[in-house]
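Reviewing the structure listed below.
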There are 2 protein chains.
Amino acid sequence: MNNVVERTYYDVELEPVINTTKIKIIEVSIELFSKKGFSGASIRDITKEVGIKESSLYKHFKNKDQILETIFVNFRMEADKILPPMEHIDHIVETMDLKMFLGRGIENFLRHIDNEINFKLWRILYIELFRQPIAQEIYRKDIMRKTIDCLETIFEKMMEKGKMKPQNPRIMAEEYQLSSISLILEYNMLKEEGMSTESIEEKIKNHVDFFSAIACP
Amino acid sequence: MNNVVERTYYDVELEPVINTTKIKIIEVSIELFSKKGFSGASIRDITKEVGIKESSLYKHFKNKDQILETIFVNFRMEADKILPPMEHIDHIVETMDLKMFLGRGIENFLRHIDNEINFKLWRILYIELFRQPIAQEIYRKDIMRKTIDCLETIFEKMMEKGKMKPQNPRIMAEEYQLSSISLILEYNMLKEEGMSTESIEEKIKNHVDFFSAIACP
DNA sequence: GTCTATATTAGGATAGAC
DNA sequence: GTCTATCCTAATATAGAC
């Protein structure tokens, strides 16, 4: 749930579209893995949806595991765009107060997760969290640690500027992010069922207000 | 991550042990589902481990789904024991300050999750969160909502007694619980890999300290 | 890089003897 | 309530023609 100033959000593909079938396989796999989980979706399901025979898939991927691997590499890159780039941090601290910064981070994240593919990638991450070690690594390092590091840096600078009360910036960052990640989980659960995400957006607002109130001088 | 005063923690079985095989099936299923997920563990895996033939299993359960159902019913009952019973609440508010209360809640929860079976049940819950609607219901209602309701009641009473600063008790309860549940997830992830849970226990302590500091007068 | 055909193993589930 | 035997479908994956 964090923070960028101005940036485009995604370039749908990473490389120029060379191999259409391979991309289609990935897209369909993301769809199916996010619905049924990795072990619940079969090569048959995937190839049927793609419109090729099972044997053809093996020209693009060595095996089923390699599809998931590719998907996670993708997610890693998308997740990297959630946070503001290091070189923007000084500008953020200069021009925003805490509440504005947190608010922007949330807008930013909601835009990220409103993208259908990103949403599915998050679901896959959650589903595989306890079975694919790579999923846990992404959660812990690319999501939690990176975000907390970034928040810590910004909080520290804001404290220097008198925009936040002087407190342990690491602990503040952890507290903020721990609540945020729970809200993301709830958001994903609600959205899955096609339910309104209003109640979560309310909670997110509460969270920012609450945190700003205790953190600002 | 909450709060009981004094109580026994579990009675390993719910009914007197009548059908040993059925119980063995459940135990093995909990083990395997928590490792491979529901769709990743087969009837074959289960019966092999139990030491019966596949066909025998169907004398105890109509089908595979029914095993998972039974497991979730179990979890629901265990989860119910994490919170203090309603009739203890006044006593809690009378005799404890906020920090003590939160500390007890955490001790209580750690004791709950240190039980091998409970730990596996939590893993199954997380793994199936996005595929078994019942898992989501348990998470949202039995874990989150009930805990937040309970905290709200206690916080409200503590505020009346001047043990907490007067603030919106619902929002306070939500903030506390949102962070807690993230810590539980991290705890589960670390414990799975056999890693030390020290770093999380440190974070939990921070969380309680942080919250107490902002909530107390 | 797609297809047909096939191998092989694993999946859930049932029938019927004991 | 356990077993043997069996069913049928689905799973991952490979060989080889086009």
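Lettering follows sequence order; numbering is per chain, from 1.
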Inset, instruction - Hey, can you tell me if A/Y126 and B/F130 have their rings parallel, tilted or perpendicular (30° and 60° cut-offs)? - result: parallel

Inset, instruction - Let me know the distance between NZ of B/K62 and P of C/dG12, rounded to the nearest Å. - result: 15 Å

Inset, instruction - Let me know the distance between CD of A/Q66 and P of D/dT12, rounded to the nearest Å. - result: 15 Å

Inset, instruction - Name the closest nucleotide to the A/K64 side chain, picking from D/dA13, D/dC3, C/dA13. - result: D/dA13

Legend entry - B/Y187 and B/E201, any side-chain heavy atoms less than 4.5 Å apart: yes

Inset, instruction - Consider the side chain of B/E54, meaning its heavy atoms from C-beta on, and name the nucleotide among C/dT2, D/dA13, C/dG12 that approaches it most closely. - result: C/dG12

Inset, instruction - Return the 5'-most residue of the pair B/I43, A/I52 with respect to DNA chain C, ranking by each residue's nearest nucleotide. - result: A/I52

Legend entry - Among C/dG11, D/dT12, D/dA11, the nucleotide that comes nearest once only the side chain of B/R44 is considered: C/dG11

Inset, instruction - Kindly point out which of D/dA15, C/dA10, D/dA11 is positioned nearest to the side chain of A/S55? - result: D/dA15

Inset, instruction - Mind telling me whether B/W122 and B/F109 have parallel, tilted or perpendicular rings, with 30° and 60° as the class edges? - result: perpendicular

Inset, instruction - Send over the distance from A/I46 CD1 to D/dT12 C1', rounded to a whole Å. - result: 11 Å

Inset, instruction - Calculate the interatomic distance between A/F61 atom CZ and D/dT12 atom P; express it in whole Å. - result: 14 Å

Legend entry - Given D/dT12, C/dG11, C/dT2, the nucleotide with the shortest approach to the side chain of B/S42: C/dG11

Inset, instruction - Return the value, rounded to whole Å, for the distance between atom CG of A/L32 and atom P of D/dT12. - result: 11 Å

Inset, instruction - State which of D/dA11, D/dA13, D/dC3 makes the closest approach to the side chain of A/D45. - result: D/dA11

Legend entry - Between D/dC3 (P) and B/K48 (NZ): distance, integer Å: 15 Å

Inset, instruction - Mind calculating the distance between CD1 (A/I67) and C1' (D/dA11) to the nearest angstrom? - result: 13 Å

Legend entry - Between A/S42 and A/D45: side-chain donor-acceptor atoms closer than 3.5 Å: yes

Inset, instruction - Would you mind reading off the distance between A/N63 atom CG and D/dA11 atom P, rounded to a whole angstrom? - result: 17 Å

Inset, instruction - In plain terms, say whether B/K205 and B/D209 are close enough for a salt bridge, that is, a side-chain N and a carboxylate O under 4.0 Å apart. - result: yes

Inset, instruction - Return no unless some side-chain N or O of A/K53 is found under 4.0 Å from OP1 or OP2 of C/dC3. - result: no

Inset, instruction - Among C/dG11, C/dT2, D/dT12, find the nucleotide with the atom closest to the side chain of A/H60. - result: C/dT2

